[in-house]
Structure formats: structure tokens, C-alpha cells
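Report on the structure given below.
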Amino acid sequence: MPDDIEIKGPVASQAVNEKDSDGYQNSDVELPLDSRVETDLNVTEDDLAEARELASRLTLEEIRPMMKRVLLIHENDPNFPLSIIQNIRSFLGNETIFETPGKHALLIEEMKLEAALITVNSPYAEVRAVVDNHDEINTPCGTIRAWVIGVGFSILLAFINQLFSIRQPAITVQANVAQLLAFPVGKAFEKLLPDVGFTLWGVRHSLNPGPFSKKEHMLITIMANVSWNYPYTNNIIWVQYLPDYFNQRYAGQFSYQILIALSTNYIGYGMAGIIRKFLVHPSYCVWPASLVTIALNAAFHNDRNAPVESPFGKIFTISRIKFFGVTFAAMFVYFWFPNYIFTALSVFSWLTWISPNNLNLAAITGFYNGLGVNPWPTWDWNTLLFDQTDPLMIPFFSTFNKFVGAVIAGCIIAVVWYTNSYNTGYLPINSNRVFDNTGALYNVSNAVNERGLFDPAKYEAYSFPFLSAGSVTLYIFFFAIYSAIISYAYLYHRHEIQMGFKNLFNSFSKDKAGLVNQYQDVHNRLMSRYAEVPEWWYTIVLAVAIALGCAGIAHWETYTSPGVVFYGLALCALFVIPIGIVKAITGVEVTLNVLAEFIGGSFVAGNALAMNYFKSFGYVTCAHALLFSSDLKLAHYVKIPPRQTFTAQMIGTLVSTFVSVGVLNFQINQIPNVCTVNAPNRFTCPGINTFFTASVLWGTVGPIKVFGQGGMYTWLLAGFPIGFAVPIIIYYVNRRFKKAWMRQIHPVAIFYGGLSWAPYNLSYIWPAVPIAWFSWIFLKQRYLGFWSKYNFVLSASFSSAIAVAAIVIFFSLQWTEVELDWWGNSVTSQGCEGEACTLYKLGKGEYFGPRIGEFH
């Protein structure tokens, strides 16, 4: 059997204009093979040239098992080109190819090129666009200056974000700002510091080892990424300590605060390390958000500047760094208009301006208090980023599925509201607040005693808690997505999950020969040159985090069992891999906050503090595991040695936790009247108030009274079986009809779209669709070189410019309360957009819903 078949130009054939059984024309017809592969795999000429050399050495016996593995892993992958899947099926399903390869030379050669491309690079165009498939092992990474700069930004971000987290409005400085500023700081260290140092264990450590490298830059970014968000348990401390809430003075002790903060932070990191064989090593786990971070890094450090054809009829020769600078400056200037000078550009609800007090017009088209049905509702790029899913960042199929889910949910909301189901007609159509039977906000103090525990007599004399039509629909989709992600993961990714478990179990074995060698793409091969972090390191981190959490909960009077820590682990263990796979592929993240509240509130009904701990360990453990997994993928892409990544995450988390808790103590003890209307500098704690209300409502009144037997919203639990069934139906319908467009249907992303409501609406979601189509469909298919060079750089520049401009506006104008009072800033709050209108009104002394004494 000839296994070195090579095609150069047209291929001779015995027949004319016939087709083989695999559907390929016999080769007396000239078929541009390179063009076919470029189109199928969305590759540039440079990518293809690198693959040709390897393709010429591959044999038919070698590519057959390679293509079997590709088909097994990527058959249901919506990011993977369908044409390639069809070609692989034709190749593997036709035994005559292996018996008489000479008659199928074109298909075999294409399989060789595709196998070679997947071997020497990523199978995904978006990854190839920004991630280098080469590595220089001697590039400086964990240098003294990298650790100093990284720790510095960890302290700065933790300090700023904790201090201003309780302000109205809050200010948040995320890791992209640190990444942006780290480059000039690193270059300054490069120019100013001398090349002096010391040698430790055979490695020289210098203050200035040479040019500031991309690996140093990314290590600093990873430290900033784990540091910018304050510990979730700080919310618990606030509601425990303050006299207006639970007034538990022991919560002011630093030892108690730091124990539970370190526990919730590190327990997620321990989980992330253990599951990295599921979410980091596989090539199909793209992690779209990471690509934007890498694009910004590459713009600063990549000197290559190949000219590319643009959709404007010109050849673009501008470098990535110059393109970043121009677009950054443009967005920095432009952002001032929709967010300060002319805010109607941001909230462009122009339809409601026609008749501001028209109830139906505002309910359907309103930006603030409606469904947001508007052909173009905003000119503010930041509006599109409301859920951290940039349309330039995540694939088009993900954006479109999310939009479809939002449209379905919007139709349900309209039906529920206009039919006054669950008395929603007396409430705003799309609010995320909880109301009483008069339409006022639910006053939890009327349902609890002085200790914050449930008081049945007061509750029955007050009101049942009511939800808006938007919130009712939101809970249906929340319940549906939790069950959908389980059935989806089994049907679409069971082979990958099984492979991950095999590799995880074998990694604990001394005999590494048993590892399932399925993940040997180019990036895994390059990373194999570095020492891996042993599993027992992560296991120790996990064990210590569990011990800290149990100690903090058991030693102080928290009215909570230490078993809540293990509940959080169990919930995370069940969901983290399915949720992580979905986020790594689609860019959308399913959070467990509602499920954690639902289960916790049911277990500890009447105990709001215990419910808060259930929520913290149930929700935060999984959220942190995914955050840390995303950073591990960043390091994987940029080829940072795993043990240096481990150290960076550990140090960044440790430093930021101590800084955040220290600032929390200052806020509690040194800011007079904090979290009250009399607090200085607007430190009124709006987020803490919302957290307290939710904790009392779901921990004290409890989900059993709301969703349980005899509860008003029991039927919303139908979301669980519906969600479980939908992926099964879509999966088998797709297998039955095998339509190309059906492969792009993602049931979890559809349900995720339904979670965008209350308080958001279609005005936030729709504008991303045409932008995503233009980027991911039009530009990517027609101008791949242009898209590869600039798409993710543009996303990074816009996000960074918005973050920096928001900080400048905040401190220069909003902090000093300098406002522009004119029509362009006031028209957005007129009529029903200013104060939500309701379908029905109550007379004096009237109330809706169950009569007093009829609910318990």
C-alpha cells in the first residue's frame, strides 16, 4: 500500500467527471487542494505552509487513528468546522480508501493536510489567530521584577475594589487595566534596573534579565486576575456585623474574617487544579475570553507585521500595537459621550420618547422598565458587555443561541404579565426586586424577629413575597439550565469526560505510561517540557481550605454546621465539569447562585446566616474553580511553566485576601455611619443591602414557602424536567435529520439567554448579534488574515479603554458630583422609563394575592 502519496497540481485519473464513493471528483479535474483546506479549516497561507512539511511525511496508517480521535472529540463541537467532520466521516467510512488508496488520492491528501495542521497548530482559527504554536523555553518568566510588579498590582486592585465596593455607584478596576499598565512598568524596570542578582539551585535570578518578556507580562496578568475581586464572604461579614442587620459583633474579629475568606478562595483553586485535565489540557476547551487577554499581550510583544487584505479594498499594514493604540484612543474619547455627556446614546430607547407615559409602548420597548424591543437600542459598547460576553470574543453561534433564548423568554414574560398570572400585572414587568401585596418592595423586617430569624406571626400578618413577570420567567430558565447542563454534558461530551477521568486517575499512578494520550495537540506537547504540578499539591490546597472553612464556621457562633463546606464541594463536583466545558466552548458561564440558595434555603429554613454559608460555598467554590481554570488555560497558551503559574495564583490570592479583609476592617470600624443614608462619600452599601434582603428572604421565608407544595410558584419547578428533556430532543433530532444549521443549536446557551432578563432585556442582547455576525461570519470567512490579526486586539482595546475612561470619569467628575443637566441626559428617565408603570392599579387600602391569614 503506497503511504507517501503526494499530489502536485492536477492528478491523472482513468475516468472523466466521475465521483468516487466519498463524493470527491476524480482527479482529471483540477481541484485546488490548498484552497479547499484553507476554506474548510479557516487557515491562512502561513498556517498551511507550516503543515505541508509534516503532511508529506504522514502515512495512511498514521492518519487513520488520528482522524478517529478527532471525530470522537469534535463530532459535536460547534466550534469545529462541519465540512472537516463530513470529510473525516467519508474517509473513515469507506474501506476502499485503505484497500485502493490510489483511487482516493485527493481525499487522502486532504486528510494528511488536515491531520498535519491539527498536529502542528490548533484546529480552531480563533486560537491560531493569537496563540503562538512555538515556544522559546529560555524566555524569562518568573523573574524578580515579575513577582514585584505582580504583587504590587495584587495589592492595588484588592485595595481599590474593596474600598469602593460599598459606594453608590461602585468602582471596579479589573485585571485588563493591570495588564495594560504592567507593560510600561515592566519596560521601565528593564531600562532602569541593573543586571545584578544571585544564583539559586543553579538558576540565576537577576533584577534585569533582559527585555521585558510576554511570559513575565502574562504572569503579572494572572496574578492581577486572581486578585481584583474581593472575597465573597465579605458580604457575610457586613450583614453579620452591622447593627442595622444581624448585629453579631464577633464578626468584626480579623481571625474569623480571614479564615472564611481564605477558605472560599482556595477551595476553588484546589478544585481547579484537580479538574485541569477536563478543562485546561483538551484542545476543544478554547476559553474565548482568554484569547482577548492573549491578543493584548501579543500586541505588546509581537514584532511580526504581515500585510493583510481588508474589507475596505485596501491592504492593511498597521501593526497590532499601533492598531490597539488608535482604537484605544478612539474608544476612550467616544466613551465620554454615551456615559457622561449624552447618556441617551447609551440608553437609546427612542421609541418611548414618542409617548413617555404610554404603558404598552414602554412595556414592550422600554430600556429600563420594559422588554427592550428596539431595532437599535444603544450606541454604547459597554452595554453589550453586561454579562462579560463580548460579541468579538465569543463565537457567533453562542451569541445567536443566547439571543434566541432571550426572545423565547421575552415572549413568556409578555404572556405572563398581560394575563396577570401570579398577580404580575400589579408589578413592573421586568424587575428583579421582590414585592409585597401592595406592590411595594418587600420589607423583610416585617417577617423576622429581632435576631433575624423567621417570625410566622409577623409574616402571616404581612404579605407573601411576590415576583415580577421577568423574575418568574427567570426562575423557570434557571431551574431548566441546571438540569439541561447535566443531560447536555452526557450526550455531547461523555467521551471527553470519560477520557478526563482516566487521565486523572492515572496521574496519581507512578506508572505514567497508562495516561490516555488524547490531548497531545501542539500546546500540550510544548508544555510537556516543563515540570507539571503534582496532583498532591492541589489536594493539599483543597484539604487546607476545607480545614480553614470548618474552623471558621465551628469556632464562632454562626448557627451553621461545618458540613456546609462539604455541601459546597459536592455541588461543585457535580456541576463544575459540565459548566466548565460549556464556558470553555461557548464563553458563557452558568452560575450556581440560585441553585445554592434554593437548596440551602430548603435545608436551613428560617436561618438566613446558614443560608448565606450554603450559598457561599455552593456558588463560590464552582465560580472560583472556573476562574482559576481560565487562568491555567492562559498560562497553557502562553507556555508559562505550570509551577510558576501555581505560585503566582497562590501568592496573588493570598496577598489580595489579606488586603481585602484589612480594608474591610477599616471600613467597618473607621467610616462613620457606613451603610446608612448618612454615610460620607456615598458609602451606602447598595450591594450589601441587596445581599441582606436576599439572604433574609430565601434563608428566612425560604424557598419551601415560595416554591414548595402549596406555594404560589410551585409550577416554576417544571423548569427542571423541561431543561433535562430539551438537550435530549435536540440531540436526537439532529442525529435524525443531520442538517448543518442544527449542529449550531446549543441548548445550554439558549437557556442561558433566558437568564439575561430581570433587570436586563433585549436592548442589551440584540445589538451583539449583527456585530458578532459581521466579525465571526463575514470577516472570518472572507478576510481571515484581517480578522486573525485585528479582531481580538480590537476587543481588548475597547474593553481596556472603557475601563480606563470609567475610572477617569469617576474620579474627575462623578466623585465630585459634577453633572450635566440637559435633555440628552434626562430624556431617558421620563414617564414609565423613570418610574415603572404597572398594568393594574390598587385602590386605597386594597391589596392583591392571598388574603391575610390564608398563607403560612
Side-chain angles (χ1 to χ4, degrees), residues 169 331 334-394 396 398-414 417 428-432 468-470 473-474 588 750 752-775 795 798-799 802 805-806 822-837:
M331 177 55 73
Y334 176 77
F335 185 75
W336 286 69
F337 289 89
N339 284 271
Y340 184 76
I341 299 172
F342 189 5
T343 56
L345 292 174
S346 179
V347 186
F348 196 59
S349 53
W350 56 275
L351 290 168
T352 65
W353 305 346
I354 300 171
S355 179
N357 293 306
N358 186 307
L359 169 67
N360 293 314
L361 183 65
I364 300 300
T365 68
F367 190 101
Y368 285 135
N369 296 313
L371 301 182
V373 179
N374 187 335
W376 197 256
T378 185
W379 298 95
D380 182 4
W381 183 259
N382 194 44
T383 299
L384 279 60
L385 310 181
F386 76 100
D387 64 345
Q388 309 301 316
T389 54
D390 185 334
L392 299 179
M393 175 185 75
I394 66 173
F396 174 72
S398 181
T399 299
F400 190 74
N401 275 274
K402 184 174 72 169
F403 171 69
V404 170
V407 170
I408 294 171
C411 294
I412 296 174
I413 292 171
W417 194 65
I429 188 172
N430 190 41
S431 173
N432 65 339
S468 71
T473 305
L474 180 72
V588 299
I750 291 175
Y752 178 85
L755 306 184
S756 303
W757 293 89
Y760 302 110
N761 54 35
L762 288 175
S763 289
Y764 291 84
I765 303 165
W766 157 245
V769 176
I771 295 172
W773 178 88
F774 181 75
S775 169
S795 174
F798 279 5
S799 299
I802 287 171
W822 72 291
W823 175 86
N825 288 342
S826 62
V827 66
T828 59
S829 58
Q830 294 179 355
C832 294
E833 281 287 82
E835 183 174 351
C837 298

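Numbers here are sequence positions counted from 1.
Contact of the I771 side chain with the W381 side chain is registered, since non-hydrogen atoms from C-beta on lie closer than 4.5 Å. Within the 4.5 Å cutoff, the side chain of W773 has no heavy atoms near those of the F400 side chain. Residues T365 and S349 form no side-chain contact, since every pair of their non-hydrogen atoms from C-beta on lies 4.5 Å or further apart. T399 is listed as a side-chain neighbour of I394, based on a closest heavy-atom distance under 4.5 Å. Within the 4.5 Å cutoff, the side chain of P391 has heavy atoms near those of the L384 side chain. Proximity of I802 to M331: side-chain heavy atoms (C-beta onward) are separated by under 4.5 Å at one or more points. When side chains are defined from C-beta on, W766 counts as touching P377, because their heavy atoms get closer than 4.5 Å. A 4.5 Å side-chain heavy-atom check between C832 and N369 finds every atom pair outside the cut-off.
For the atom pair OG (S775) and CG (L392), the distance works out to 5.0 Å, reported to the nearest 0.5 Å. The distance from the CG atom of L371 to the CG atom of N761 is 7.0 Å, given to the nearest 0.5 Å. For the atom pair L345 CG and F337 CZ, the distance stands at 9.0 Å (nearest 0.5 Å). Rounding to the nearest 0.5 Å gives a distance of 14.5 Å between OH of Y760 and CG of L762. Distance OG/S346 to OH/Y340: 15.5 Å, rounded to 0.5 Å. Rounding to the nearest 0.5 angstrom, the gap separating the CG atom in L755 from the OG1 atom in T473 is 11.5 Å.
Residues satisfying the side chain to side chain donor-acceptor pair (under 3.5 Å) test with N432, not counting sequence neighbours, are none. The side chain to side chain donor-acceptor pair (under 3.5 Å) test applied to N374 returns W350, not counting sequence neighbours. Listed by chain and residue number, nothing satisfies the side chain to side chain donor-acceptor pair (under 3.5 Å) test with N358 (two or more places apart in sequence, or in another chain). Listed by chain and number, the residues in a ring-ring contact (aromatic ring centres under 6.0 Å, His included) with W822 are F342 (sequence neighbours excluded). Scored by the side chain to side chain donor-acceptor pair (under 3.5 Å) test, N825 finds T343 as partners (sequence neighbours excluded).
In plain terms, the two heavy atoms of A409 and G754 that are nearest each other are CB-CA, 3.8 Å. Closest of all the heavy-atom pairs between P428 and W417 is C-NE1, 4.1 Å. Residues T352 and G366 come closest through the heavy atom pair CG2-CA, 3.8 Å. What you find for W757 and A406 is that their closest heavy atoms are NE1-O, 3.0 Å. N430 and G470 get closest at one heavy-atom pair: OD1-CA, 3.7 Å. Across T828 and A344, no two heavy atoms sit closer than the pair CG2-CA, 3.6 Å.
Within 6.0 Å of CZ on F403 lie more than 12 heavy atoms contributed by other residues, nucleotides or ligands. Remark: W353 CH2 is packed, more than 12 non-hydrogen atoms of other residues, nucleotides or ligands lying under 6.0 Å away.
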>> Go through it in stages, so that I can follow the logic: the residues are V404 and N401, the test is side chain to side chain contact (heavy atoms under 4.5 Å, CB included), and I'd like the CA-CA distance, side-chain angles, deciding distance and then a yes or no.
In response: CA-CA 5 Å; V404 170; N401 275 274; 5.6 Å; no
> Between Y368 and V347, is a side chain to side chain contact (heavy atoms under 4.5 Å, CB included) present by the stated rule, with each step listed?
Replying inline: CA-CA 8 Å; Y368 285 135; V347 186; 3.3 Å; yes
>> For a side chain to side chain contact (heavy atoms under 4.5 Å, CB included) check, start with the C-alpha distance between S398 and Y752, then their side-chain angles and the critical distance, and finish with the verdict.
In response: CA-CA 10 Å; S398 181; Y752 178 85; over 6 Å; no
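Close placement of the Y764 and F367 rings is indicated, their centers lying within 6.0 Å of each other.
Pairs passing the salt bridge (Lys or Arg N to Asp or Glu O under 4.0 Å) check and including a residue from residues 366-387, sequence neighbours excluded, read D387-K402.
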